[in-house]
Amino acid sequence: MNPRQLKYFVEIARTGSMTTAASALHIAQPALSHHVAMMEKELGVSLFKRHARGVQLTVQGQLLFDRATTILRQLDRLPDDVREANGSPRGVVSLCIVSSVALVVAMPLLQLTTERFPGIQLQLSMGMSREAQSMVETRRVDLALLPTAFELTRLKATPVFEERFCLFGHRRLFNGKSTTIAFREIADRPLVMPDRDQDLRKQIERTALAQNCAINVRYELNNSELLRAAVREGLAFSIMPRNAFPLADLKDIALREITDPVLARTQSIVSLEDHPLSPAGEAVRQILLELISTLTMNGTLKAKLLV
């Protein structure tokens, strides 16, 4: 078994499809299938269960996936680790930031990382909670800033801040000048929300159940930009974290902080417990912690600091 075969295997496992993996790897599907067959023959086990929609890892396949991703990441990092022995941290570090805070955190983080460690190449991605969780769990990123990390296994999590939820809507849809709104008062308003797989939607529906009131979800959109666009156009209200909208949008959009009960969630910096960060990854983690503290204390990030 060689690194190329491990790379092929990991791509199949991540995509769940021989066809998709073959396309991404620029290799013919029969050749890819042959590599898998050779690996299974060498190991004496089945690595995948085949089904109509693609493939799924067996127990043995999951074990190989966990080890293979670590091995491949270590091979990728090896040249930079050797160079770091004579200088400051360097190399590629991948980070996913959940959409509700990416607009506030991402650009300052890129700037600060470049200023302090020019040898670090920071790869940033943005996603909703389920996407961010998946990227960490499948080792597509080294780090993530995401909510409800306590629900996830095998993750090392550092809670960093608590953010409250608000009801956002176009200014013409709000009456009066109140800055808060009780959760029960939201029930009859049309909402645009992500689907039920997303952390935000789950928390809101749990609250609605506890309060014995319904919510009126008119549109389901699993994209933060589309959610914001729907609110800007006045199509519906949305329940989102306080930092979800950039300041420029707030001239047309009003918000009411939700009370009775207060809705809040904790954002944490997470990485895989069994996959130690490189020196470059640890440097980015420390910069992110410092940046969040600065942005919270100066009011740019509307949150309660926990570290």
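Hydrogens, waters and symmetry mates play no part in the numbers below; they use all other heavy atoms, side chains included.
Under 3.5 Å, the side chains of Glu137 and Gln133 contain no donor-acceptor pair of N or O atoms. With no hydrogens or angles considered, a side-chain donor-acceptor pair links Gln62 and Asp66 at under 3.5 Å. Arg285 and Thr158 share a donor-acceptor pair across their side chains, judged by distance under 3.5 Å alone.
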Side chains of residues 226-235: which donor-acceptor pairs under 3.5 Å do they make with residues two or more places apart or in other chains?
{"unit_1": "Arg228", "atom_1": "NH1", "unit_2": "Ala244", "atom_2": "O", "d": "2.8"}
{"unit_1": "Arg228", "atom_1": "NH2", "unit_2": "Glu225", "atom_2": "OE2", "d": "2.6"}
{"unit_1": "Arg232", "atom_1": "NH1", "unit_2": "Asp249", "atom_2": "OD2", "d": "2.9"}

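Legend: residues meeting salt bridge (charged side-chain N to carboxylate O under 4.0 Å, His left out) with Glu257, ordered by chain and number and at least two apart, are Arg164.
Checked against Thr69 for a side-chain hydrogen bond (donor to acceptor under 3.5 Å, both in side chains), the options Arg140, Arg139, Arg14 give a single hit: Arg139. Just one residue in the list Gln111, Glu290, Gln286 forms a side-chain hydrogen bond (donor to acceptor under 3.5 Å, both in side chains) with Arg116, and that residue is Glu290.
With hydrogens and angles ignored, the 3.5 Å screen pairs no side-chain donor or acceptor of Thr266 with any backbone N or O of Glu162. Remark: side-chain polar atoms of Ser33 are paired, donor with acceptor, to backbone N or O of Gln29 under 3.5 angstrom.
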Checklist entry - Please walk me through it: do Leu25 and Leu32 pass side chain to side chain contact (heavy atoms under 4.5 Å, CB included)? => result CA-CA 9 Å; Leu25 294 165; Leu32 189 59; 4.0 Å; yes

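No chain of hydrophobic side-chain contacts below 4.5 Å, direct or via other Ile, Leu, Val, Met, Phe, Trp or Tyr residues, connects Ile71 to Leu277.
Ring geometry for Phe48 against Phe9 counts as tilted: the plane angle lies between 30° and 60°, on a 0 to 90° scale.
Judged by the 6.0 Å and 45° rule, Arg242 forms no cation-pi pair with Phe165.
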